[in-house]
Amino acid sequence: MMRYKIPRGTYDILPKDSAKWQYVQRVFRETAASFGYEEISTPIFEMAELFERSSGESSDVVQKEMYRFEDQKGRVFALRPEGTAPVVRSFVENHLDRQGGRHKYYYIGPMFRYDRPQKGRYRQFYQYGIELIGSNHPFFDAEVIALEMRFLKALGLRKIRLELNSVGCAGCSVDYDKALQDFFRPHLAELCGDCQTRFEQKPRRLLDCKVPSCKAFRAGAPSQLDYLDEPCREHFAQVQSYLDDMSIAYTVNPAIVRGLDYYTNTAFEIIVDDLGAQNSIAGGGRYNGLISAVGGKETPAIGFAGGFERLLLALESENLALIEPQKPLVFLIAMGDAAQKLVLPLLSDLRGRGIYAEYNPEKGSFKAQMKAADAMGAAYAGIIGEDELASGKISLKDLTSGEQSSVDPRDLPHLLLNNCTP
RNA sequence: GUGGGUGUAGUUCAAUGGCAGAGCACCGGAUUGUGGUUCCGGGCGUUGUGGGUUCGAGUCCCAUCAUCCACCCCA
């Protein structure tokens with residue numbers, strides 16, 4: 001008999017971990033709501049072309065990491081590798097670009113990339129993100145960053161770093177790419193193979209090559225920041241000013257380059273140092289050219305996305321979000337058939353009032369029942385046996401103190417609620 | 001896609017090429033109505049899978065799959 005196995009690079013979120021996932025998602029939703037963002041959900045697959053156009057044909061995500069497939073009629077789709085393009089597609093498709101004004105969206109859901117799995121990297125992974133569409137005001141660049149920082153702080157994370165950069169607009173990029181090519185051209189023959197293609201396709205990627213011999217040529221390379229035109233320079237200065245006013249610490253790192261082609265101006269990344277190689281838990285930036293690139297009216301926008309898996313790793317490394325498993329308030333024990341007839345209505349009544357009550361007829365002896373109550377961490381044991389049947393009362397034992405009292409079954413819900421709610 | 005490490009019981013790990021074991025967890029019991037501690041009992045597991053070498057393979061070799069780490073990429 002063949003054993004079925006979960007696909008490579010995927011994982012199950014088991015019940016023991018679900019509370020933690022629900023918790024971080026709840027905090028994100030609450031944080032987003034407090035900034036005026038509303039949830040949008042899009043399909044997990046889209047026309048493959050949407051991602052090819054938006055992320056860039058030459059990007060790794062499109063070239064080798066996208067799950068592409070044809071449906072029964074030969075239409076080419078892709079499992080979404082990221083969340084921004086679908087949101088923008090929906091925005092344009094619903095004619096919101098014609099409506100004008102600002103639109104604040106957040107999303108939560110799985111993304112898919114055919115990558116080699118490693119720590120903090122999966123083939124199906126869960127992202128949260130926000131998109132603010134309809135304004136180029138630098139305040140909103142800062143607001144988007146502030147939202148993410150607020151979220152991480154609300155979770156209690158302390159060891160996080162914000163790195164900030166501006167990649168300028170399309171015009172600045174052209175100038176900068178030329179400057180980089182001029183700078184590296186004398187060493188072109190000595191660069192690694194990857195860098196030779198980077199030289200042609202994405203010169204700025206020459207700056208983060210890890211090959212030691214390539215690193216050596218990097219000293220004195222021109223910085224993007226020196227090639228910003230006046231409006232972009234001013235925009236970046238204002239973003240920093242707003243962050244300062246909100247007391248959000250950051251470091252300017254000219255090496256921050258977003259992986260997807262659609263980013264302009266502000267780019268940022270949030271780093272947690274002790275997560276291993278995949279230490280970026282969130283990243284984002286402005287994408288003023290994307291809406292028009294997918295067929296909408298020219299509209300400025302900014303957003304970010306964060307990864308839940310890495311976020312949970314970061315929480316773990318700081319011993320945060322330790323969630324206690326749910327424990328029954330009362331474990332009912334019935335000895336004998338007559339007692340069982342009484343215990344089931346009582347069980348229904350308690351549960352109907354929202355009290356977590358357990359009962360397990362599988363456990364045979366009284367001792368085994370008590371053990372089960374203890375093993376589940378129940379606060380109380382409610383006992384019905386011959387004595388209780390005769391008296392019409394049930395015995396309620398406090399499993400912490402060991403004290404036991406005889407109570408009227410009708411009073412049980414109130415007693416439990418009053419004793420145990422803080 | 002590239003490189004390295006690791007795959008043995010539910011789990012954490014043992015086992016010179018020679019009878020596959022232990023702790024924890026789990027289940028049961030210690031004269032059938034009182035838990036936690038203690039004691040006793042309960043394990044044939046396709047040693048990830050498929051080949052090969054050998055009298056004999058968990059152990060050596062090859063392949064494959066998975067996982068971990070790194071490159072790469074990115075959140």
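In the text below, chain A, chain B and the rest are named by the order of the sequence lines, each starting its count at 1.
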Next item on the list: Take atom CZ of A:Phe51 and atom P of B:C73, then tell me their distance rounded to the nearest Å.
Entry: 21 Å
Note to self: Against A:Phe151, only a single residue in A:Phe308, A:Phe28, A:Phe304, A:Phe35 fulfils ring pair (Phe, Tyr, Trp, His ring centres under 6.0 Å); can you say which?
What the structure shows: A:Phe28
Taking only nitrogen or oxygen atoms into account, show me every contact under 3.5 Å that the protein makes with nucleotides 6-9 of chain B, one pair per line with its distance.
none

Notebook entry, point to check: A:Gln278 near the nucleic acid: base, sugar-phosphate alone, or nothing, with a heavy-atom cut-off under 4.0 Å?
Noted result: base
Check: OP1, OP2 of B:G35 versus side-chain N and O of A:Lys367: anything below 4.0 Å?
Finding: yes
Note to self: Closer than 3.5 angstrom, by distance alone: can the side chain of A:Ser173 be matched with the main-chain N or O of A:Cys169 as a donor-acceptor pair?
What the structure shows: yes
Note to self: From CZ of A:Arg121 over to P of B:A70, roughly how many Å is that when rounded to an integer?
What the structure shows: 10 Å
Margin query: Please confirm whether the shortest side-chain N or O distance from A:Arg116 to OP1 or OP2 of B:C73 is below 4.0 Å.
Written below: no
Item checked: Integer-rounded Å distance: B:A75 P and A:Ile130 CD1 -> 15 Å
Note to self: Counting the atoms with a prime plus P, OP1 and OP2 as sugar-phosphate, which does A:Gly377 contact under 4.0 Å by heavy atoms, base, sugar-phosphate, or nothing?
What the structure shows: nothing
Checklist line | Whole-angstrom distance between B:G52 and B:U11, as gauged at atom C1' | finding: 33 Å
Notebook entry, point to check: Of the nucleotides B:A75, B:C72, B:G33, which one has an atom closest to the side chain of A:Phe366?
Noted result: B:G33
Checklist line | First of A:Phe125 and A:Ser395 reached from the 5' end of RNA chain B, by closest nucleotide | finding: A:Ser395
Notebook entry, point to check: With a non-hydrogen cut-off below 4.0 angstrom, is A:Gly385 in contact with a base, only sugar-phosphate, or nothing?
Noted result: base
Notebook entry, point to check: Looking at B:G1, does its base get a donor-acceptor pair with the side chain of A:Gln63 below 3.5 Å?
Noted result: no
Note to self: Ignoring hydrogens, what is the shortest heavy-atom contact between A:Phe51 and A:Val62? Give both atom names and the distance.
What the structure shows: O-CG2, 3.5 Å
Item checked: For atom CD1 of A:Ile256 and atom P of B:A75, their distance in whole Å -> 11 Å
Notebook entry, point to check: Any idea which of B:A75, B:G33, B:C74 is nearest the A:Glu309 side chain?
Noted result: B:A75
Note to self: Quick one about A:Tyr359 and A:Gln340 (side-chain donor to acceptor, distance below 3.5 Å, no hydrogens or angles considered), yes or no?
What the structure shows: yes
Next item on the list: Would you kindly give the CG-to-C1' distance between A:Asp115 and B:U67, to the nearest whole Å?
Entry: 16 Å
Next item on the list: Record whether the side chain of A:Gln369 comes under 3.5 Å of the base of B:U34 through a donor-acceptor pair of N or O atoms.
Entry: no
Checklist line | Complementary nucleotide for B:U54 - Watson-Crick or wobble, under 3.5 Å | finding: none
Margin query: Classify A:Glu65 by what it touches in the nucleic acid, base, sugar-phosphate, or nothing, heavy-atom distance under 4.0 Å.
Written below: sugar-phosphate
Item checked: Residue mapping more 5' on RNA chain B - nearest nucleotide basis, A:Asn279 or A:Gly276 -> A:Gly276
Checklist line | Pairwise C1' distance, B:U47 and B:C13 [rounded to whole Å] | finding: 13 Å
Checklist line | A:Arg68/A:Glu52 salt bridge by N-O under 4.0 Å criterion | finding: yes
Check: Which part of the nucleic acid, if any, lies within contact of A:Ala373, taking any heavy atom under 4.0 Å across all strands shown: a base, the sugar-phosphate backbone alone, or nothing?
Finding: nothing
Check: What interatomic distance, in whole Å, is found between C1' of B:G51 and the corresponding atom of B:C65?
Finding: 14 Å
Note to self: Roughly how many Å apart are B:A9 and B:G50, using the P atom of each and rounding to a whole number?
What the structure shows: 16 Å
Next item on the list: Calculate the interatomic distance between A:Gln404 atom CD and B:G33 atom P; express it in whole Å.
Entry: 14 Å
Notebook entry, point to check: With a cut-off of 6.0 Å (strictly less than), are more than 12 heavy atoms of other residues, nucleotides or ligands near CE of A:Met246?
Noted result: yes
Notebook entry, point to check: Can you find an N or O donor on one side and an acceptor on the other, under 3.5 Å apart, linking the side chain of A:Arg310 with the base of B:C74?
Noted result: yes
Next item on the list: With heavy atoms under 4.0 Å as the rule, sort A:Ile281 into base, sugar-phosphate or nothing.
Entry: sugar-phosphate
Note to self: Let's test this: given Watson-Crick or G-U wobble pairing with both distances under 3.5 Å, identify the partner of B:G3.
What the structure shows: B:C69
Check: Do A:Arg310 side-chain atoms and A:Gly120 backbone N/O form a donor-acceptor pair below 3.5 Å?
Finding: yes
Next item on the list: Take the protein atom CZ of A:Arg113 and the nucleotide atom P of B:G1, then report the distance between them rounded to whole Å.
Entry: 18 Å
Checklist line | Rounded distance in Å between the C1' positions of B:G5 and B:A22 | finding: 25 Å
Check: If you measure from the C1' atom in B:G58 to the same atom in B:G45, how many Å do you get, rounded?
Finding: 12 Å
Notebook entry, point to check: Across all strands shown, which nucleotide pairs with B:C74 by Watson-Crick or G-U wobble geometry, both distances under 3.5 Å?
Noted result: none
Check: Using a distance-only test with no angle check, is there a side-chain donor-acceptor pair under 3.5 angstrom linking A:Tyr263 and A:Asn165?
Finding: no
Check: In the strands shown, is B:G21 matched to any nucleotide by a Watson-Crick or G-U wobble pair with both distances under 3.5 Å, and which?
Finding: B:C13
Item checked: Residue-phosphate contact under 4.0 Å: A:Gln118 side-chain N/O, B:A70 OP1/OP2 -> yes
Next item on the list: Establish, yes or no, whether a centroid distance under 6.0 Å links the rings of A:Tyr107 and A:Tyr128.
Entry: no
Notebook entry, point to check: If we call it a pair only when both distances are under 3.5 Å in a Watson-Crick or G-U wobble match, what pairs with B:U64?
Noted result: B:G48
Notebook entry, point to check: So what does A:Tyr122 hit on the nucleic acid, given a heavy-atom distance under 4.0 Å: a base, only sugar-phosphate, or nothing?
Noted result: base
Note to self: Taking B:A20 as the reference, what is the distance to B:A14 when you measure between their C1' atoms (whole Å, please)?
What the structure shows: 10 Å
Next item on the list: Scan A:Thr251, A:Asp273, A:Asn279 and name whichever one has a side-chain hydrogen bond (donor to acceptor under 3.5 Å, both in side chains) with A:Arg161.
Entry: A:Asp273
Checklist line | Nearest listed nucleotide, side chain of A:Ile383, among B:A75, B:G33, B:C72 | finding: B:G33
Notebook entry, point to check: B:G10 and B:G17: how far apart are their P atoms, nearest whole angstrom?
Noted result: 26 Å
Notebook entry, point to check: With a 4.0 Å cut-off on heavy atoms, is A:Gly402 in touch with a base, just the backbone sugar-phosphate, or nothing at all?
Noted result: base
Checklist line | For atom OH of A:Tyr4 and atom C1' of B:G48, their distance in whole Å | finding: 18 Å
Note to self: If you count every heavy atom of other residues, nucleotides or ligands that lies below 6.0 Å from A:Arg204 atom CZ, does the total exceed 12?
What the structure shows: yes
Check: Considering only B:U34, B:G36, B:C73, which nucleotide approaches the side chain of A:Asp60 most closely?
Finding: B:C73
